[in-house]
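Comments concern the structure below.
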Amino acid sequence: MNNREIAETFDKIADLLEIKGEVIFKVLAYRRAAESLRELASDVAGHHQQAKLTEIPGVGKAIADKIDELISTGKLGFYEKLVQEVPETLVELLRVPDLGPKKAGLFWRELGISTLSDLESAAKSGKLRSLPGMGQKSEAKILAGLESLSRRTLRTPIGQAWPVAQELLAKLRGVPGVQTVELAGSLRRMKATVGDIDLLAAAEDSHAVMDAFAQDPEVSRILSRGETKASVEFRNGLRAQLWVHPPQRFGTALQYATGSKEHNVRLRELAQKQNLSLSDQAFLRVDGREILCADEQKVYETLDLPWIPAELREDRGEVQAARQGNLPELLELADIKGDLHAHSTWSDGKNSILEMAKAARKRGWNYMAVTDHSHSLGVAGGLSAEELLAQREEVEKAQTELGDSIHIFHGVEMEIRADGSLDYPDEVLAGLDIVIAALHSGLRQPRQQVTERMLNAIRNPHVDIIAHPVGRLIPDREGADLDLETIFKAAAEHGVVLEINSDPRRLDLDDVHARRAIEMGVLLTVNSDAHSPAGYDLLQFGVAMARRGWVKASQVTNTWDLEHLQGWIKKRGK
DNA sequence: GCCGTTTTCGGCCCGACTGTTTTCAGTCG
């Protein structure tokens with residue numbers, strides 16, 4: 001059992017215990033343990049082997065025993081006993097908006113409802129409204145929730161939420177009387193997927209901005225609307241909420257709404273130690289006096305902390321680092337001097353090499369790499385060795401036309417084939433400036449086999465970069481079951497660079513693994529994987545993922561200037 | 001069930017909004 005599977009088991013236990021009516025802190029303990037396992041960059045099996053399970057935050061004696069049982073036997077007696085008491089299927093009811101554990105428990109005990117279809121028929125036949133605390137409106141809400149669930153079951157990838165949020169921001173910022181509007185929540189923290197769009201406006205009077213928000217033409221229904229908070233659902237099922245606060249309280253409110261919850265808990269602890277209580281509105285002194293913060297800097301300053309970038313606010317040690325003055329100088333988009341992974345019409349790109357290079361130049365970059373697919377990736381029109389040679393001529397022609405305004409590297413995105421071999425012989429690879437290797441097939445192979453394939457590519461002296469190492473596709477596909485510790489070690493040893501792919505469907509490496517990789521001395525590159533000039537825009541998502549992984553500019557090869565990068569390539573034996 | 005530079009026992013963030021209540025419970029973030 002891997003980290004994710006064990007975390008899922010604990011989350012289910014938490015849900016079932018909560019429906020059962022167990023004390024909330026026991027429920028929270030299981031959730032915290034699950035979260036902690038997901039955050040773990042290394043394999044829990046390793047901690048298990050070394051009997052160090054309780055060193056994982058949130059894991060004590062009881063949960064360590066359960067992890068032990070799960071790893072040793074693949075089963076958990078406690079869980080099996082629990083699902084005898086509370087049907088396992090009840091957890092799916094919790095995915096219905098406005099339906100939580102209390103009502104799920106009530107429906108189950110009173111009406112024997114244990115599945116979504118049970119719930120739907122009970123709601124349609126009017127049985128729910130007879131229960132205590134339920135009425136017609138609650139019943140209608142459940143039906144509406146079921147309907148919205150059928151349209152949207154998963155969290156929304158950031159690539160979908162981002163443009164919607166930007167439009168909303170622009171629109172709300174134009175409302176008279178509004179001083180600022182900012183993103184908050186997981187979207188501001190730039191998580192790969194978001195639950196909804198959180199927005200925060202500063203205004204003395206909330207009515208105008210609330211109106212503009214609720215009357216947006218894309219809004220299909222208004223879920224709630226008050227003086228300070230409103231929440232809506234768009235036609236595509238995506239939800240957004242807006243808080244409005246007076247400007248003098250905006251900093252506190254923005255900090256609070258940005259989260260994460262865990263980060264905020266950490267700040268509250270600090271506040272308590274200073275005899276302050278921190279709410280979403282202001283600090284409160286014991287004598288009842290308030291400390292208002294118009295901006296976030298003041299919130300952190302009041303706690304004797306430097307401002308912490310939103311991408312770091314996940315309670316992964318950032319508060320402690322801030323206290324010690326050890327916050328990393330995070331990578332910024334402006335640090336990027338070029339892109340090392342882009343496609344042209346030679347394979348599945350939409351534009352010529354010259355067009356892609358010109359677009360890169362327009363962004364102020366000093367270099368870019370043309371890295372089309374290799375022939376095994378037939379669906380993408382991969383290049384044969386001969387075509388690759390012919391492509392070189394076109395690269396040189398484009399370079400002549402562009403002069404020294406931008407440098408074009410000739411590279412390739414080469415398949416690591418399912419049998420572990422590489423798609424070109426060494427002599428072909430030797431003629432290229434940059435060789436990227438990537439897995440696109442055989443992603444479901446057993447851990448050892450797929451890891452060995454990757455290691456084989458890393459050990460090849462011509463391979464410079466591994467693209468989107470894990471191969472996940474958000475939200476459809478999990479990545480390969482790679483032994484990343486071993487891969488990071490090999491990459492560091494052979495000087496092979498690992499990519500953070502900026503395509504919002506990939507964001508691979510992710511934040512947790514990127515952080516682990518740099519800890520182990522691996523160099524990274526943040527690439528667009530652009531198939532058209534617009535694809536370069538995606539780089540902001542890759543940069544955000546790097547920031548979430550505590551990555552500094554110096555650890556990213558495409559922040560280096562051209563000479564430095566060329567020197568590095570030369571040193572690798574090209 | 002976890003955790004500890006005020007605690008090995010007693011905390012564990014807290015307020016807005018909604019719908020059902022006639023003073024509050026449930027959900028959400």
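Just so it is clear: chains get the letters A, B, ... in the order the sequence lines come, proteins before strands, and each one is counted from 1.
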What's the gap between [N] and [M] when it is taken at their [atom1] atoms, as a whole Å value?
N      : M      : atom1 : result
B/dT23 : B/dG29 : P     : 30 Å
B/dC14 : B/dC9  : C1'   : 24 Å
B/dC13 : B/dC3  : P     : 14 Å
B/dT27 : B/dT20 : P     : 13 Å
B/dT6  : B/dC2  : P     : 23 Å

* Between A/Ser42 and A/His47, a side-chain donor and acceptor under 3.5 Å ->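 Indeed, the side chains of A/Ser42 and A/His47 share at least one donor-acceptor pair under 3.5 Å.
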
* **Protein proximity profile, nucleotides 13-22 of chain B - base contact B, sugar-phosphate-only contact S, no contact -, cut-off 4.0 Å on heavy atoms** => BBSSSSSS--

* Structure fact -> Protein heavy-atom contacts under 4.0 Å, written 5' to 3' over nucleotides 4-9 of chain B as B (base), S (sugar-phosphate only) or - (none), form the string ------

* Interface with DNA chain B, restricted to residues 68-87 of chain A and to heavy atoms under 4.0 Å ->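 The stretch gives none, as no residue of it lies under 4.0 Å from the strand.
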
* If you look at every strand shown and take non-hydrogen atoms under 4.0 Å, does A/Val59 touch a base, only sugar-phosphate, or nothing? ->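 Sugar-phosphate, no base atom in range.
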
* Map A/Val27 and A/Lys102 onto DNA chain B by nearest heavy atom, then report which one ends up closer to the 5' terminus. =>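 It is A/Val27 whose nearest nucleotide is closer to the 5' end.
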
* Comparing A/Arg32 and A/Pro101 on DNA chain B - which has the more 5′ nearest nucleotide ->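 This one resolves to A/Arg32.
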
* Measure from the side chain of A/Gln241, starting at C-beta and using heavy atoms only, and say which of B/dC28, B/dG29, B/dG26 lies closest. =>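 Taking heavy atoms from C-beta onward, the closest nucleotide is B/dG29.
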
* Partner residues of A/Glu296 under the salt bridge (Lys or Arg N to Asp or Glu O under 4.0 Å) criterion, sequence neighbours left out ->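 A/Glu296 satisfies salt bridge (Lys or Arg N to Asp or Glu O under 4.0 Å) with A/Arg188, A/Arg313 only.
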
* To do: For A/Glu92, check salt bridge (Lys or Arg N to Asp or Glu O under 4.0 Å) against everything at least two apart and list the hits.
  =>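 Result, salt bridge (Lys or Arg N to Asp or Glu O under 4.0 Å) vs A/Glu92: none returned.
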
* To do: Kindly express the pairing pattern of DNA chain B in dot-bracket notation, using | wherever a base pairs with another strand and counting only Watson-Crick or G-U pairs under 3.5 Å.
  => ((((....)))).((((((....))))))

* Ion pair A/Asp43/A/Arg447, N-O distance below 4.0 Å ->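 Yes, charged N to carboxylate O under 4.0 Å.
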
